[in-house]
Engineer: 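Pasting a structure here, questions to come.
Index from 1, following the sequence.
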Amino acid sequence: MWEAIEIIQKLFTGKDVKHKGEFFQMETCRLWTMPATPPPIYIATSGPITAKRAGRQIDGIITPGAPIEKVAGLLSRFDAGAGRGGSGAGVERSCSCNLSWAPTDEEARANAVTEWPTGGMKFPKQDIRSPHDFEQMAKLVRPEDFDGRMVISSDPDVHRAEIQTFFDAGIDRVYLHNVGRNQTEWIDVFARDVLPKLTR
């Protein structure tokens with residue numbers, strides 16, 4: 001990944017690029033049609049080592065919507081990296097936030113279990129190779145498995161308070177993902193009752 005980022009950054013200088021690395025080789029490549037400014041490069045990570053290196057090398061970080069202590073730790077590492085080699089200015093700190101909102105708490109819980117069982121799995125999932133195995137594991141997820149991992153509530157103020165903690169920790173942008181299929185209703189409620197009350 002880091003070598004690929006280095007190549008991308010070189011290409012957006014508008015100059016001829018030669019590269020012979022561990023994973024990639026390029027023989028005189030060039031981008032001929034250049035934007036006024038290079039596009040920003042963000043890395044999604046939940047690990048402190050990657051976060052720190054990202055601060056040195058790229059324009060922004062995207063963290064998962066984890067407990068606020070973990071998010072604050074990742075931001076601290078990212079900022080430490082930016083202070084050692086990056087400018088620290090103009091970087092963006094973003095996070096994704098999975099949530100389940102519905103008109104009733106019961107519906108919100110059912111949506112989480114049915115539509116987003118991944119959020120209730122308290123173990124690493126990257127080594128699950130078979131969709132069949134994943135499907136069987138998803139059947140074991142219960143509503144209580146989401147406790148402390150994702151906000152499930154019918155109360156817009158509960159969601160607003162959770163989202164606000166990310167801004168208070170130094171996040172610049174929060175990407176919201178309502179796990180249920182009630183997307184239009186959720187957008188309407190959050191546009192009216194949540195987003196206007198958030199402060200940055």
Engineer: Identify whether M1 and F12 are in the same connected component of the hydrophobic contact network (ILVMFWY, side-chain heavy atoms under 4.5 Å).
Structural biologist: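 Yes, because M1 and F12 connect within a single hydrophobic cluster, where side-chain heavy atoms sit under 4.5 Å apart.
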Engineer: If hydrophobic clusters are built by linking Ile, Leu, Val, Met, Phe, Trp and Tyr wherever their side-chain heavy atoms come under 4.5 Å apart, do W186 and V179 end up in the same one?
Structural biologist: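 Different clusters: W186 never reaches V179 through Ile, Leu, Val, Met, Phe, Trp or Tyr contacts under 4.5 Å.
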Engineer: Salt bridge or not for R142 and D145, using N-O below 4.0 Å?
Structural biologist: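 No, this pair does not count.
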Engineer: Using a cut-off of 6.0 Å, state whether more than 12 heavy atoms not belonging to K122 lie near its atom NZ.
Structural biologist: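 Atom NZ in K122 is packed in, count exceeds 12.
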Engineer: Out of the candidates L99, V151, V194, only one should pair with V158 under the side chain to side chain contact (heavy atoms under 4.5 Å, CB included) rule; please name it.
Structural biologist: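 Running side chain to side chain contact (heavy atoms under 4.5 Å, CB included) over L99, V151, V194 with V158 returns exactly one hit, V151.
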Engineer: Quick check: does any side chain N or O of R109 sit under 3.5 Å from a backbone N or O of I152, one acting as donor and the other as acceptor?
Structural biologist: no
Engineer: Within the supplied structure, the quantity of interest is the number of heavy atoms (other residues, nucleotides, ligands) at a distance under 6.0 Å from R30 CZ; does it exceed 12?
Structural biologist: yes
Engineer: Whether the side chain of N182 engages the backbone of W101 through a donor-acceptor N/O pair (distance < 3.5 Å, no angle test) should be reported.
Structural biologist: yes
Engineer: Tell me whether the count of non-hydrogen atoms from other residues, nucleotides or ligands lying under 6.0 Å of CD in Q183 goes above 12.
Structural biologist: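 More than 12 within 6.0 Å, yes.
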Engineer: To the nearest 0.5 Å, what is the distance between CD1 on I58 and CD1 on I8?
Structural biologist: 10.5 Å
Engineer: Report the distance from atom NZ of K15 to atom NZ of K10, rounding to the nearest 0.5 Å.
Structural biologist: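 One gets 11.5 Å once the value is rounded to the nearest 0.5 Å.
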Engineer: Using modelled atom types and a 3.5 Å cut-off, is there a donor and acceptor pairing between side-chain atoms of R56 and backbone atoms of G81?
Structural biologist: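 Judged by distance alone, no pair lies under 3.5 Å.
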Engineer: Consider only side-chain heavy atoms of I, L, V, M, F, W and Y, link residues closer than 4.5 Å, and tell whether F78 and V71 are in one cluster.
Structural biologist: yes
Engineer: Within the distance-only criterion (no hydrogens, no angle test), does the side chain of E185 pair as donor or acceptor with the backbone N or O of P103 below 3.5 angstrom?
Structural biologist: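 Pair absent, no side-chain N/O of E185 close to backbone of P103.
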Engineer: If every non-hydrogen atom of P117 is compared with every non-hydrogen atom of T114, which pair is closest and at what distance?
Structural biologist: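 Shortest heavy-atom separation between P117 and T114 comes out as CD-O, 3.9 Å.
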Engineer: Hey, what's the ring geometry for H159 with F190, parallel, tilted or perpendicular (30° and 60° as the breaks)?
Structural biologist: tilted
Engineer: Would a distance-only check, ignoring hydrogens and angles, find a side-chain to backbone donor-acceptor pair under 3.5 Å from E3 to F23?
Structural biologist: yes
Engineer: Does R77 use its side chain to pair, donor to acceptor, with the backbone of T50 at less than 3.5 Å?
Structural biologist: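 Flag not set: sc R77 to bb T50 has no pair under 3.5 Å.
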Engineer: Are W116 and S100 packed together at the side-chain level, in the sense that at least one heavy-atom pair is separated by less than 4.5 angstrom?
Structural biologist: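 Side-chain contact under 4.5 Å: no.
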Engineer: Could you check whether any side-chain heavy atom of F24 comes within less than 4.5 Å of a side-chain heavy atom of E6, counting everything from C-beta outward?
Structural biologist: no
Engineer: Is it the case that one hydrophobic cluster holds both L176 and I61, taking links as side-chain heavy atoms less than 4.5 Å apart, direct or via other members?
Structural biologist: yes
Engineer: Does D59 reach the main-chain N or O of I41 with its side chain, forming a donor-acceptor pair under 3.5 Å?
Structural biologist: yes
Engineer: Which value, rounded to the nearest 0.5 Å, describes the distance between I62 atom CD1 and Y175 atom OH?
Structural biologist: 6.0 Å
Engineer: Under 3.5 Å, side chain of T63 to main-chain N/O of C95, donor-acceptor pair present?
Structural biologist: no
Engineer: Do the side chain of K125 and the main chain of F123 share a donor and acceptor less than 3.5 angstrom apart?
Structural biologist: yes
Engineer: Check whether more than 12 heavy atoms from other residues, nucleotides or ligands sit under 6.0 Å from atom CD1 of I49, and answer yes or no.
Structural biologist: no
Engineer: Are Y42 and L11 connected in a single hydrophobic cluster, I mean Ile/Leu/Val/Met/Phe/Trp/Tyr linked by side-chain heavy atoms less than 4.5 Å apart?
Structural biologist: no
Engineer: When rounded to the nearest 0.5 angstrom, what distance separates CD in Q164 from CZ in F166?
Structural biologist: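 Result: 11.0 Å between the selected atoms.
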